[in-house]
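Data block below; observations after.
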Amino acid sequence: MSMKKNYVVETIRKAQMMDMLEKGKRLDGRALDEPRKLTIETGIIQKANGSARVSLGNSQVIAGVKIATGVPFPDTPDKGLLVVNAEILPLASPYAEPGPPSEEAIELARVVDRGIRESEMVDLTKLCLVEGKSVVTTFVDCNIMNVDGNLFDATSYAVVAALRTSKMKKYKVEGDKAVSTDEVVPVPIERTPISVTMARLGGAVIVDPDAEEEAMMDMRITITTDDDGNICASQKGEASTISPELVLKAADTSIQVGRAIRSQMVEATR
Amino acid sequence: MSMKKNYVVETIRKAQMMDMLEKGKRLDGRALDEPRKLTIETGIIQKANGSARVSLGNSQVIAGVKIATGVPFPDTPDKGLLVVNAEILPLASPYAEPGPPSEEAIELARVVDRGIRESEMVDLTKLCLVEGKSVVTTFVDCNIMNVDGNLFDATSYAVVAALRTSKMKKYKVEGDKAVSTDEVVPVPIERTPISVTMARLGGAVIVDPDAEEEAMMDMRITITTDDDGNICASQKGEASTISPELVLKAADTSIQVGRAIRSQMVEATR
Amino acid sequence: MSMKKNYVVETIRKAQMMDMLEKGKRLDGRALDEPRKLTIETGIIQKANGSARVSLGNSQVIAGVKIATGVPFPDTPDKGLLVVNAEILPLASPYAEPGPPSEEAIELARVVDRGIRESEMVDLTKLCLVEGKSVVTTFVDCNIMNVDGNLFDATSYAVVAALRTSKMKKYKVEGDKAVSTDEVVPVPIERTPISVTMARLGGAVIVDPDAEEEAMMDMRITITTDDDGNICASQKGEASTISPELVLKAADTSIQVGRAIRSQMVEATR
Amino acid sequence: METEKKLMDEDGNRLDGRKWNQLRPIRLEVGVVKNADGSAHIEWGKNKITAAVYGPKEVHPKHQVLPDRALLRSRYHMAPFSVDERKNPAPSRREIEISKVIREALEPAVVVEDYPRTAIEVWVEVLQSDGGSRVAGITAASLALADAGINMRDLVVGCSCGLLGEHVVADLDDTEDKEGNGDMPVAIMPTKGLVTLLQVDGIYTRENFQKAFELAIEKGKEVYAMQREALTKRFFSSDLTSGPIEEEAA
Amino acid sequence: METEKKLMDEDGNRLDGRKWNQLRPIRLEVGVVKNADGSAHIEWGKNKITAAVYGPKEVHPKHQVLPDRALLRSRYHMAPFSVDERKNPAPSRREIEISKVIREALEPAVVVEDYPRTAIEVWVEVLQSDGGSRVAGITAASLALADAGINMRDLVVGCSCGLLGEHVVADLDDTEDKEGNGDMPVAIMPTKGLVTLLQVDGIYTRENFQKAFELAIEKGKEVYAMQREALTKRFFSSDLTSGPIEEEAA
Amino acid sequence: METEKKLMDEDGNRLDGRKWNQLRPIRLEVGVVKNADGSAHIEWGKNKITAAVYGPKEVHPKHQVLPDRALLRSRYHMAPFSVDERKNPAPSRREIEISKVIREALEPAVVVEDYPRTAIEVWVEVLQSDGGSRVAGITAASLALADAGINMRDLVVGCSCGLLGEHVVADLDDTEDKEGNGDMPVAIMPTKGLVTLLQVDGIYTRENFQKAFELAIEKGKEVYAMQREALTKRFFSSDLTSGPIEEEAA
């Protein structure tokens, strides 16, 4: 069962929220296009190649990167592998349960994965060691530690921060084999994709909905943009419609809001 | 839960059916030993090495063959692999459910598999490339598209038709390795096994029961015969008994009914 | 659901049991520190490398050993593998159910495994064939055939008896490969660990509880000792406390009771 | 750009000869699964997809009952033989995600409040897969819902547009999806002009994003005309054939 | 035929010295699992199989309750150490199918209508596997049902016959099953003369089919005599031993 | 003994410079998971573990309800990135066993009879794993229970002792656990002086067994002082920070 559906907002609070939204305000005082406070800590898991703990308001995610060597997919023999997984831990919410990943967690991981992959953040061709035989595999596992809405962005930021600060062994090729050296190098980062999620409540469109707002939203859209203001991934969510005009407006909002977040991200992960 | 058990036949219809059976007739006008109309289309899935859509009355099955190379089983190092799977799709019946294969679907796949395998329809020794190391693997997956009784025969016919029209790459052996060439050859077909399923309702034994008849049958027996009238597989079904005399009579019926179906099969898959 | 929790003891029988325990006696006439009758049969499964059927009172376990070659774990390249599994068969108890191993069965297998492994009963370094590449793998599978309490000890004895009587092929190393010879040798046994399980009921501590006693126990402790009276494994069980004094007393009991059982084990498996 | 050259020649012709804004051939048939309450089959390029609807029906397990509306269930599933390498029949993470977005794309068009406490099941089976299988599946599924007589606000129809190099093109096939530079599946409720599914892959300038998105909507409306025709054929044809679309060679 | 020569010599002797129509040694014991309501152990050739019955008992989950009769459950399971290569303990497709046919072979003999709304569970554990393990399992399971005091119309007993080359032979062992030319497990209700299980593998002429089938019935009746003896021993013996059959060497 | 030499030098110093009876650095913080009814984070050596408690809450599925007390649930889980080689996120047999012993170690301290017909859930997530993670997890989990306001008879606190060669030492780290000669995790209710978890690995003389066991209890009491301090800080601090312990470098 989706966590959104389980979250209960009291009637009086709902009325209050809708009232304020009509006036362009939100319950916590934010402007409609204002994301919550973002905190980025990196290097928190020493056993990982890279890691980050990101708090977006009260939503908190820890991402850890593990790098090893593996075999490439047959249809991309010259590319390393990048795999993003997410688990919504039972400790993160009264509505989360232990067990295999829910439909919700799978969508979360795949949307975050696409944002990273499609932006070409990591140059996967540089992770090829011996074409068709040996490549660098990069697992990014995300532990959702506290659920308070907009896991898409919080998780995406954690992955970006963890990857930007990841270190891996340098490999050299001997004949047909890749051998690790003692030298340590960063993961080849090319871009910094930033995901921005918007929600519609009644007539208003807000950036970075918290759990209370998500419980009342009727539409969600996540748009990821890159350093040049290109759009590299999007996912519309919820059983609802969106007008074409709103999609284009959301793209503009994402580009604009993403810019400030990208600056903070780059600053925090230099 | 078995689909047969879920199928509900109205009382009045039951009485009518039993009445007619006593007179040697069936509700749809068929003779007791008359199978429903069989339609065989092949080559319907271009991405498969072979495929067929078979309708037996309103039961419909699509079989697709995928051929690749693999490693033989240790106890049959000189034989290729042939694996038959079946899924009773949830779209095929109000009583089918998504999820891992039911006991019913597993029995279906295994009975069909045995009919193909035991008749030596495909010469598996010709699918050995390098003994103990490399063989041709032949997966036949069956999608049950509509359930209206006697899935055993409908599925078996789909598999036979798909295999009879399958094409595979020719392989040549270079040292210890099998390498595919550009030449395309048929799968080595030796025989054409035909499965005939009979059901007992009250005192009558009928060929090719439809769903309504299956819901009322107390015994089912499937017998597969080959081109020479040999019996190569059989499976009695349902929690019920069968007399030895009836088994022998069923064998004769299967040989006889199978002959006409085999002609149609050979004609449709030349 | 744990089998212990499902086992129902009648009120009058409970009162009787507690009465007798206060007098230092048990319902079946045993002394508090007296295990039930132990029967050990070996070589009962000819297809296994070693096997044993052990009855401890009415608890019955069959263990079978299967030996093959495999690849060592990366962190122990010079050691063979020893894996203990246990299944509480549905035929063994009205409270056991078919399906993947329960939490209870997993704990059972792991506690037995640790008793064997930590005592260094089998010299795993002698099971290394080619360091880092090829080792002997030893699977010990335990079928619980009848549940009447203290599966820990009954299963452990079955594993010890099966391993002590196991035979394996001798391997010789040719270049980088291990090749089996026709010669048959015993598994390299170094010690004979004996597990002794105690339970607390009210104020009394008893050795080898049967199912009725387990249903009423509030604490369980299993201690495994080796031939020299060393303690090599222990597991406290049940949601309950144990005083430090009782732990030490239980260690002494285990050493003492284990000695007699070890003699019987060695005798039965020569 | 090298990729671009391969996938589109100097005259703007694509590998299969289509122009940048041209759809692949589409064939639709309604009422192909006998047992289903509603069904449809679509062939779109090399996609061959059958969708069937059962419901409104009782909800099992009961705790999933929604007191005020129907529970919409969906499954997008690929046959093992539908792709180049045999696919394991167990649902992949991709299939699980697509099942979810398909459900969310269809539900706005279904008057779920007309069927409280019931389940409506939408099963989409990909028999052969080509680029754009999820929008093709949605297109067939909404026909199946209509065929089942479920009250609908509109049909739902989809089209996927994308990038070959920097060129926006309509309706990517498999090769263009894999070797091209972006894929954007869009589903719409065509008479309402509203979007119910949007996913984006690739790197689009703001301009190309808008161009591809608007092209997807425009082409979706083209497919909608075929949907209506297929429905009409279903309900006004006296000669209902039993199987899906007949093969030329059969 | 080469295979034939190896598995049977010119005098019609099989590898283990048996004649074409001779059974392997069979030993049966009833009442071997203390906790079970009924149980039996069979050793047939190298097969070692224990069957136990629990019930009639409450049905869980409740929606599986049958209002007019008992729900019969069965599981055929092979111990990991029962075969030459260690078997994964999770049930294989083969075990799932055999569980089903065993249930269908036993149910006709059980008066299920005497136990409405209950479950009767039949657990068959193969400790060591040889040719004919399913018929051996059925033979033991029907004894376990009788031992549990379940009302029965008849016992069920099985035997498997088959082909070595063109020769029909009784009761194939493992080697004959794997290297021979056909296997035909048959289970019967012996006093009724009715068949409850029939499976056929191999290529049989019509004549050989009949010969093998009739031989299986005949040999099944031979095993039935042993079943009756084992039951008698159980109910009239005052010296019930606790474990299964003792090993010679033990 | 060779191993001993490596792990402890002639002066009795361990690889990380600790004396035989010295604990690794421990930091505790209570109230770190916003949504949870109670939570705590522990850093013990390289262990980084967060525990959260939800409850008392309704029991699902209902048949698990205990009429006279709370149902205590627990899960010990390791993040895929918590160990040297990436761990599959599905629970391993080791995690399943530890989940059980953690539950049994905590339950004696919880006044479960105060919360009949409810569930209390204890989730322990190992973010980074080092030696002694289960006792660290128990230590954090009992703080989380207290933080949730659950009635407790005592806290539960753990420490693991073990052997380097023949030397008893306190609080093994990862290397000492893997290359040393024994590990003995012990959990206690410190004010009651009672043991709630005991597991033993290795080969201990009777004397060493007692020495290690008593050392574990003694060191557990040392950790208990830190537990109390962390609780005090939680309830008397007006400056509650939002995240777990801040990193030096952050």
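By convention in this document, chain letters (A, B, ...) are assigned in the order of the sequence lines, proteins followed by strands, and residues within each chain are numbered from 1.
Looking at D:Arg86, both its backbone and its side chain come within 4.5 Å of chain B, counting heavy atoms on both sides. Only the backbone of D:Ser82 comes within contact range of chain B, judged by heavy atoms closer than 4.5 Å. Using a 4.5 Å cut-off between heavy atoms, B:Ala211 does not touch chain D at all. Only the side chain of B:Asn85 comes within less than 4.5 Å of a heavy atom in chain D; its backbone stays farther off. Contact annotation for D:Val83: only backbone heavy atoms (N, CA, C, O) come within less than 4.5 Å of a heavy atom of chain B.
Atom-to-atom distance recorded for B:Ile62:CD1 and D:Thr50:OG1 is 6.0 Å, nearest 0.5 angstrom.
By the 6.0 Å contact criterion, CD on D:Glu229 is open, its count of non-hydrogen atoms from other residues, nucleotides or ligands being 12 or less. Within a 6.0 Å sphere centred on NZ of B:Lys167, other residues, nucleotides and ligands contribute more than 12 heavy atoms. The environment of D:Lys57 atom NZ is dense: over 12 non-hydrogen atoms of other residues, nucleotides or ligands sit within 6.0 angstrom.
At a threshold of 4.0 Å, the pair B:Lys47-D:Asp174 counts as salt-bridged, since one of the basic side-chain nitrogens sits closer than that to a carboxylate oxygen. Checked for salt-bridge contact, B:Glu87 and D:Lys87 miss the test: no charged N lies under 4.0 Å from a carboxylate O. Using a cutoff of 4.0 Å between basic side-chain nitrogens and carboxylate oxygens, B:Asp148 and D:Lys34 are not scored as salt-bridged.
Between chain B and the residues D:Glu85, D:Arg73, D:His77, D:Glu121, the largest count of heavy-atom pairs under 4.5 Å involves D:His77.
Of the possible polar contacts, none joining the D:Asn35 side chain to the B:Pro94 backbone as a donor-acceptor pair under 3.5 Å is found. When atom types are taken as modelled, the side chain of D:Gln128 and the backbone of B:Gln46 share a donor-acceptor pair closer than 3.5 angstrom.
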Let me see the working for D:Leu127 and B:Met145 under side-chain contact (heavy atoms from CB on, under 4.5 Å), right down to the final yes or no.
-> CA-CA 10 Å; D:Leu127 298 166; B:Met145 300 297 291; 4.0 Å; yes

Apply side-chain contact (heavy atoms from CB on, under 4.5 Å) to the pair B:Val140 and D:Phe81, showing each step before the final yes or no.
-> CA-CA 8 Å; B:Val140 191; D:Phe81 46 75; over 6 Å; no

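Scanning both residues, D:Glu125 and B:Leu89, for their nearest heavy atoms gives OE1-CD2, 3.4 Å.
Between D:Arg75 and B:Pro90 there is a side-chain heavy-atom pair separated by less than 4.5 Å. A 4.5 Å side-chain heavy-atom check between B:Pro98 and D:Trp123 finds at least one atom pair inside the cut-off.
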